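Since the structure comes first, as structure tokens, the remarks are kept for the end.
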Amino acid sequence: MTTPTAGGAGALGHDRKHRFINPADERLTFVRFCMPGGLDHVFGEIGRPRTPGARAPEPFGRPGHVEEIEQRTVFGRADGSHTPKN
């Protein structure tokens, strides 16, 4: 994972070891969001590939079959029966 810049964001996949290091003299502030397991599969299917360090892709429309993707991945298994893909 690359180091986020001020005002930036980073994302970690499932079961990843990580740590926070503040190399600056000023106080580190961050917000942590925990999302349902498997959400990385949803974003992997509806997003656009990006190489670390590359510019963000141009804005794009919502895929027409996003509901099918959600049902097939984490959102269709909110009852706890979801088994993450390794």
Side-chain angles (χ1 to χ4, degrees):
M1 180 180 141
T2 59
T3 303
T5 58
L12 294 171
H14 174 71
D15 202 23
R16 296 293 199 124
K17 292 182 180 180
H18 61 282
R19 62 184 174 165
F20 294 97
I21 299 172
N22 182 10
D25 293 333
E26 53 207 43
R27 187 174 183 171
L28 172 69
T29 303
F30 69 94
V31 177
R32 178 179 178 181
F33 294 95
C34 296
M35 295 182 253
L39 198 55
D40 52 331
H41 297 295
V42 174
F43 291 137
E45 291 195 39
I46 67 173
R48 299 290 186 267
R50 184 174 179 192
T51 304
R55 293 177 47 133
E58 293 296 320
F60 54 91
R62 179 182 171 105
H65 66 296
V66 73
E67 289 82 11
E68 183 270 326
I69 293 170
E70 290 173 347
Q71 279 295 323
R72 190 169 32 78
T73 57
V74 67
F75 294 110
R77 296 174 180 84
D79 63 355
S81 65
H82 176 64
T83 303
K85 300 174 188 172
N86 290 328

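Please read these numbers as outputs of a predicted model, since none were measured by experiment.
Here Arg72 contributes atom CZ and Glu67 contributes atom CD; the two are 12.5 Å apart, rounded to the nearest 0.5 Å. Atom OG1 of residue Thr29 and atom CZ of residue Arg27 lie 6.0 Å apart, to the nearest 0.5 angstrom.
The neighbour count for Arg50 CZ, taken as heavy atoms of other residues, nucleotides or ligands under 6.0 Å away, is above 12.
The two residues Ile46 and Phe60 come nearest to each other via the heavy atoms O-CE1, 3.3 Å.
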